[in-house]
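Below is one structure, written out as structure tokens; the observations come after it.
Below, each value reflects all heavy atoms present in this structure, side chains not excepted, and no hydrogens, waters or symmetry copies.
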Amino acid sequence: GINAEYMGEMNAGATIGRHLPTNVPVEFVAGDQLWEDIISQEHTWSADVTLRKLSEALHLYRNHYGDQQPTDAAKVLTYRASVHQREGHVDEARRDYEEALALHEGAREKDEYAVAESHMELSHFLASQGDNHAALKHLDSAAAIWEAVDHARLVDAYSSKMHIYSQLGDADNTELFFQKAVALQGAQHGPNSAAVARLHMHFFYTFSPETQALALTHLNEAIAIWDNLGEAEEALSLRTYLASFYEEHGEYAKAKELFLEALKHATRQESNSVDMIYQGLSRAAHSLGQDDEAVQYLETLIGMIETKQTSIEEPLYVGHVHWDLTLLADSLGRKEKADYHLNEAMKIWRQANDEAALENAEHYIAVRAQKKQMEEDRASDPEL
């Protein structure tokens with residue numbers, strides 16, 4: 001995707017033409033005005049209109065500059081490439097990214113920073129298309145420039161390389177470029193800083209099967225740093241995420257253990273972000289065949305919502321918790337409890353006009369009635 005900070009600098013440069021003497025060529029002034037219109041109004045246009053306006057701006061800038069001063073033409077090409085990419089026009093996007101890079105590299109007065117940014121934009125596009133080896137080459141080119149001019153962006157290049165190597169299943173290089181990025185961030189912000197914690201998190205969020213073990217280590221490192229910094233909510237969020245990870249991978253006992261640990265921290269810090277923890281505990285308990293516990297966790301959550309001890313205010317969310325309790329209570333043969341939660345859920349859904357949820361509930365009621373009738377028929381006539 002397009003780098004917002006870089007485009008912001010380009011936008012600032014685009015306004016310079018407004019203050020030039022009156023003999024500035026009309027193409028430049030018109031291109032400058034059109035560019036500002038695109039930036040401010042693109043969200044109201046269709047993609048086709050945006051692409052047409054960008055092509056007009058590119059034509060105006062090239063009429064004024066040719067390709068001698070590529071800054072304005074290249075910024076338009078990069079923006080147009082991002083729109084093509086968003087719309088799934090892969091060939092057009094690649095052509096525009098490559099042309100923008102060629103303009104920057106061929107400029108009479110080369111702006112090395114702009115060249116590096118252009119390599120970075122092209123690498124992101126190539127990686128999004130699965131062309132990881134080509135993406136790495138452009139990241140190498142960007143990193144070679146940023147080593148001399150911008151260590152903050154060099155961290156971004158290393159972080160991107162870490163992500164690509166992870167997707168390639170190369171655990172050694174994934175860890176290598178993580179350590180390079182951490183060394184830079186640690187030197188600037190400190191080894192136990194928020195910036196380093198976010199790098200540990202990024203490693204986890206981009207892991208592949210080959211780097212999963214390393215990723216879990218890094219997520220725990222991030223939790224430790226947030227704890228050390230006193231950022232309790234950040235640490236709690238990651239603890240909950242880690243428990244959910246084990247749940248998604250079928251390790252329900254480990255997931256339950258971690259959800260319980262997260263709950264202890266949440267209780268200690270009087271956090272109101274406990275809804276995901278209680279729901280996770282209920283799911284894990286249910287998967288372990290502990291439905292009585294699963295019910296208790298959700299009933300506790302309902303009680304906390306009703307007494308404003310959580311951040312939940314969305315009625316539909318409460319309706320779905322009642323629905324989960326309906327199914328659990330029914331599975332335990334607790335008809336009265338199941339009926340109560342079913343009625344509570346349907347009451348909420350009627351107020352919210354949630355037709356899909358109501359239809360699902362009506363189907364459930366019909367199936368349950370049919371099942372009950374079959375059981376009664378079987379009881380009255382054992383031969384059925």
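The 12-atom threshold is not exceeded at NE2 of H286, counting heavy atoms of other residues, nucleotides or ligands nearer than 6.0 Å. For CE of M304, the number of neighbouring non-hydrogen atoms (other residues, nucleotides, ligands) closer than 6.0 Å is greater than 12. For E147, the CD atom is densely surrounded, since the number of other residues' heavy atoms within 6.0 Å is greater than 12. Around the CD atom of E375, the shell of radius 6.0 Å holds more than 12 heavy atoms that belong to other residues, nucleotides or ligands.
Under a 4.0 Å N-O distance rule, the pair K161/D140 qualifies as a salt bridge. Salt bridge present: R62 and E99 bring a charged side-chain N and a carboxylate O closer than 4.0 Å. Classification of K371 and D330 as a salt-bridged pair fails, no side-chain N sitting under 4.0 Å from a carboxylate O. In this structure, K347 pairs ionically with E344, as a charged nitrogen and a carboxylate oxygen lie closer than 4.0 Å. Look at D339 and K335 and you find a salt bridge, because one of the NZ, NE, NH1 or NH2 atoms lies within 4.0 Å of a carboxylate O, short of that distance. Under the 4.0 Å criterion applied to side-chain N and carboxylate O atoms, K180 and E175 are not assigned as salt-bridge partners. The pair R153-D156 meets the salt-bridge criterion, since a charged nitrogen lies less than 4.0 angstrom from a carboxylate oxygen. Salt bridge absent: K254 and E247 never bring a charged side-chain N and a carboxylate O closer than 4.0 Å. A salt bridge is defined here as a Lys NZ or Arg NE, NH1 or NH2 lying under 4.0 Å from an Asp or Glu carboxylate O, and D72 with K75 meets this definition.
Each of E293, E261, E251 was scored for a salt bridge (Lys or Arg N to Asp or Glu O under 4.0 Å) with K256, with one residue passing: E293. Residue Y165 forms a side-chain contact (heavy atoms from CB on, under 4.5 Å) with just one option from D170, N132, T206, L176, and that option is D170.
Inter-residue side-chain proximity for S271 and E233 is flagged as met; some heavy-atom pair is nearer than 4.5 Å. Proximity of V196 to H189: side-chain heavy atoms (C-beta onward) are nowhere separated by under 4.5 Å. You'll find the side chain of S159 reaches within 4.5 Å of the side chain of L199, heavy atoms only. Residues L342 and I365 form a side-chain contact, since some pair of their non-hydrogen atoms from C-beta on lies under 4.5 Å apart. A heavy-atom distance below 4.5 Å is not found between the side chains of Y97 and L77. Contact check for I348 versus V318: side-chain heavy atoms found under the 4.5 Å cut-off. The closest side-chain heavy-atom distance from Y158 to V182 is not below 4.5 Å.
Relative ring orientation between Y241 and Y205 is described as perpendicular, the plane-to-plane angle rising above 60° on a 0-90° scale split at 30° and 60°. Taking the six-membered ring where tryptophan is involved, the planes of F204 and F245 are perpendicular, since the angle between them exceeds 60° and thus also 30°. Note on ring orientation: taking the six-membered ring where Trp is involved, the planes of W323 and Y364 are perpendicular (angle over 60°, cut-offs 30° and 60°).
The shortest heavy-atom contact between A116 and A142 is O-CB, 3.6 Å. Closest heavy-atom contact between A100 and S118: C-OG, 3.7 Å. A pairwise comparison of heavy atoms in A285 and A294 identifies CB-N, 3.9 Å as the closest pair.
Expressed to the nearest 0.5 Å, how far OG1 of T211 lies from CD of Q167 amounts to 7.5 Å. Annotation: the span from H138 atom NE2 to D131 atom CG amounts to 8.5 Å, rounded to 0.5 Å. Note that the CG atom of L229 and the CG atom of N192 stand 7.0 Å from one another [nearest 0.5 Å]. The distance from the CD atom of E109 to the OG1 atom of T71 is 9.5 Å, given to the nearest 0.5 Å.
The backbone N or O of M120 lies less than 3.5 Å from a partner atom in the side chain of S123, making a donor-acceptor pair. Remark: the backbone N or O of L216 is paired with a side-chain donor or acceptor of N220 at under 3.5 angstrom.
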Stepwise ring-ring contact (aromatic ring centres under 6.0 Å, His included) check, W349 with H322: CA-CA 11 Å; W349 292 334; H322 278 296; 9.3 Å; no
Intermediate values then yes/no, ring-ring contact (aromatic ring centres under 6.0 Å, His included), H218 and F207: CA-CA 10 Å; H218 286 297; F207 78 88; over 10 Å; no
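In the hydrophobic clustering of ILVMFWY residues, with side-chain heavy atoms under 4.5 Å counting as a link, V83 and W35 come out together.
Under 3.5 Å, the side chains of Y79 and E42 contain a donor-acceptor pair of N or O atoms.
Considering only residues two or more places apart in sequence or on other chains, D37 meets the salt bridge (charged side-chain N to carboxylate O under 4.0 Å, His left out) condition with none of them.
Taking the six-membered ring for Trp, H200 and F178 have ring centres closer than 6.0 Å.
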